[in-house]
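This is a predicted model, so every value here is computed, not measured. Just so it is clear, the values below take in all heavy atoms, side chains as well, and ignore hydrogens, waters and symmetry mates. In what follows, residues are counted from 1 in the order of the sequence shown.
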Amino acid sequence: NDTWHLVEITEYTYYNDPTSNTEINESTKVYGSEGHVMIESDKPTTASIYSVSGSLMNQVNIDTGMNQVPMNSGIYIVSVNGKSYKILVK
């Protein structure tokens, strides 16, 4: 059974960069690139990736450093360390 979660977007910053939207929370960076969600963290954690309709698309363990999560192009809500980020994957 799929479980639906409503995710509150707590912070969102749009940068006029044709390849990514970047959000910075202390030492966590979350952004979209071609075919990937990119998550950079200073500590191991878990990330949940949701569609804009609220469907959980992927839940992944994040290692310290840069992490690439393959995703189809689209807009996603990524929840990491209690913060949510709206990103675009091309």
Out of curiosity, [X] [atom1] to [Y] [atom2], how far, rounded to the nearest 0.5 Å?
X	Y	atom1	atom2	answer
Ile75	Leu88	CD1	CG	6.0 Å
Ile39	Thr28	CD1	OG1	9.0 Å
Lys29	Ser41	NZ	OG	12.0 Å
Ile87	His36	CD1	NE2	11.5 Å

Item to complete: Could you list the residues that satisfy side-chain contact (heavy atoms from CB on, under 4.5 Å) with Val60, not counting sequence neighbours?
Response: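 Result, side-chain contact (heavy atoms from CB on, under 4.5 Å) vs Val60: Ala47, Asn58, Ile62, Val69.
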Worksheet entry | Those residues that, when tested against Thr64, pass side-chain contact (heavy atoms from CB on, under 4.5 Å) (two or more places apart) |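 Only Pro44 meet the side-chain contact (heavy atoms from CB on, under 4.5 Å) criterion with Thr64.
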Discussion item. Does any part of the side chain of Lys43, heavy atoms only, come nearer than 4.5 Å to the side chain of Asn81, both counted from C-beta?
Written reply: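 When only atoms from C-beta onward are counted, Lys43 and Asn81 do touch, with a gap below 4.5 Å.
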Fill in: Val30 side chain near Val80 side chain, heavy-atom distance below 4.5 Å
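Of all side-chain heavy-atom pairs linking Val80 with Val30, at least one is under 4.5 Å.
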Minimum heavy-atom separation for [X] to [Y], with atom names?
X	Y	answer
Asp63	Asn67	O-ND2, 2.8 Å
Ser48	Gln59	OG-NE2, 3.2 Å
Ser84	Ile77	CB-CG2, 4.1 Å
Met71	Tyr76	CE-CE2, 3.5 Å

Worksheet item: Ignoring hydrogens and geometry, is there a side-chain-to-backbone donor-acceptor pair from Ser55 to Met57 under 3.5 Å?
Response: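 Between the backbone of Met57 and the side chain of Ser55 there is no qualifying donor-acceptor contact (under 3.5 Å).
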Item to complete: Examine distances only and state if a side-chain atom of Asn61 and a backbone atom of Thr46 form a donor-acceptor pair shorter than 3.5 Å.
Response: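 No, because the side chain of Asn61 does not come within donor-acceptor range (under 3.5 Å) of the backbone of Thr46.
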Worksheet item: Applying the side chain to side chain contact (heavy atoms under 4.5 Å, CB included) test to Ser33, which of Met38, Lys90, Gln68 qualifies?
Response: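 For Ser33, the side chain to side chain contact (heavy atoms under 4.5 Å, CB included) check succeeds only for Met38.
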